[in-house]
Amino acid sequence: MTICKNQSALIKGGLITLTLLLAGCAKQADKSLYNWDKYQSTVYQYYQGDKVGPEEQIASLKESIEKSRATNKAVPPGLHAQLGLLYANTGHTDLAFQEFNTEKSLFPESATYMDFLLKNKGSVK
């Protein structure tokens with residue numbers, strides 16, 4: 001009788017262990033807080049110089065913002081600031097200021113840098 005109880009307990013323990021292992025292997029849902037989309041590649045392109053023009057980069061970042069809204073995810077930190085820099089570099093100072101203020105309101109920790117850009121009319125050398 002004790003052997004049957006021990007075997008039963010061993011089988012139950014094995015089944016529980018197997019269940020936990022299989023649950024750990026299951027595909028996890030995307031738990032990312034932000035929709036990074038093309039943001040990182042666009043910033044990389046920005047620092048590559050003239051390989052991709054600012055208009056294409058602006059379009060890519062605006063598309064990322066729209067995808068973020070569509071998927072109900074937040075825009076990553078820095079995206080609006082990068083978009084503002086691109087606008088400033090293309091002579092759209094009013095749009096640049098709008099993006100800097102958006103970045104500042106979404107990410108208050110960026111306020112010092114955004115205020116610096118606003119004060120210097122978005123120009124960074």
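Heavy-atom basis, side chains included; hydrogens, waters and symmetry copies ignored.
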E56: what forms a salt bridge (charged side-chain N to carboxylate O under 4.0 Å, His left out) with it, not counting sequence neighbours?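 E56 satisfies salt bridge (charged side-chain N to carboxylate O under 4.0 Å, His left out) with no other residue.
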Contacts of K67 that satisfy salt bridge (charged side-chain N to carboxylate O under 4.0 Å, His left out) - sequence neighbours left out: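 If we apply the salt bridge (charged side-chain N to carboxylate O under 4.0 Å, His left out) test to K67, skipping adjacent residues, the hits are D37, E63.
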Roughly how far, to the nearest 0.5 Å, is [atom2] of [Y] from [atom1] of [X]?
X	Y	atom1	atom2	result
E103	E109	CD	CD	8.0 Å
E55	T90	CD	OG1	6.5 Å
L86	I58	CG	CD1	5.0 Å
Q48	K51	CD	NZ	4.5 Å

Side chain to side chain contact (heavy atoms under 4.5 Å, CB included) for L61 and Q82? Distances and angles first, verdict last. CA-CA 9 Å; L61 291 178; Q82 182 68 24; 3.8 Å; yes
To check you understand the geometry: which heavy-atom pair defines the closest contact between M114 and A81, and what is its length?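 Scanning both residues, the minimum pair turns out to be CE-CB, 3.5 Å.
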If I compare all heavy atoms of A74 with all of S68, which pair ends up nearest, and what's the gap?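 Shortest heavy-atom contact: O-OG, 4.1 Å.
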Is the shortest side-chain heavy-atom distance between [X] and [Y] below 4.5 Å?
X	Y	result
Y44	V52	no
T112	F116	no
P54	N89	no
I65	N35	no

Output all residues satisfying side-chain hydrogen bond (donor to acceptor under 3.5 Å, both in side chains) with S110, sequence neighbours left out; order by chain, then residue number.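 Counting only residues at least two positions away or on another chain, S110 forms no side-chain hydrogen bond (donor to acceptor under 3.5 Å, both in side chains).
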What residues form a side-chain hydrogen bond (donor to acceptor under 3.5 Å, both in side chains) with S41, not counting sequence neighbours?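 side-chain hydrogen bond (donor to acceptor under 3.5 Å, both in side chains) list for S41, sorted by chain: empty.
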Table please: side-chain donor-acceptor pairs of residues 95-102 below 3.5 Å, with sequence neighbours left out.
| from | atom 1 | to | atom 2 | distance (Å) |
| --- | --- | --- | --- | --- |
| E99 | OE1 | H80 | ND1 | 2.5 |
| N101 | ND2 | F97 | O | 3.1 |
| T102 | OG1 | Q98 | O | 2.9 |

In chain order, what residues pass the side chain to side chain contact (heavy atoms under 4.5 Å, CB included) check against P76, with sequence neighbours excluded?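 By the side chain to side chain contact (heavy atoms under 4.5 Å, CB included) rule, P76 matches Y34, W36, Y39, L79.
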Around N72, counting heavy atoms of other residues, nucleotides and ligands shown, do more than 12 lie under 6.0 Å from its CG?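 Not more than 12 within 6.0 Å, no.
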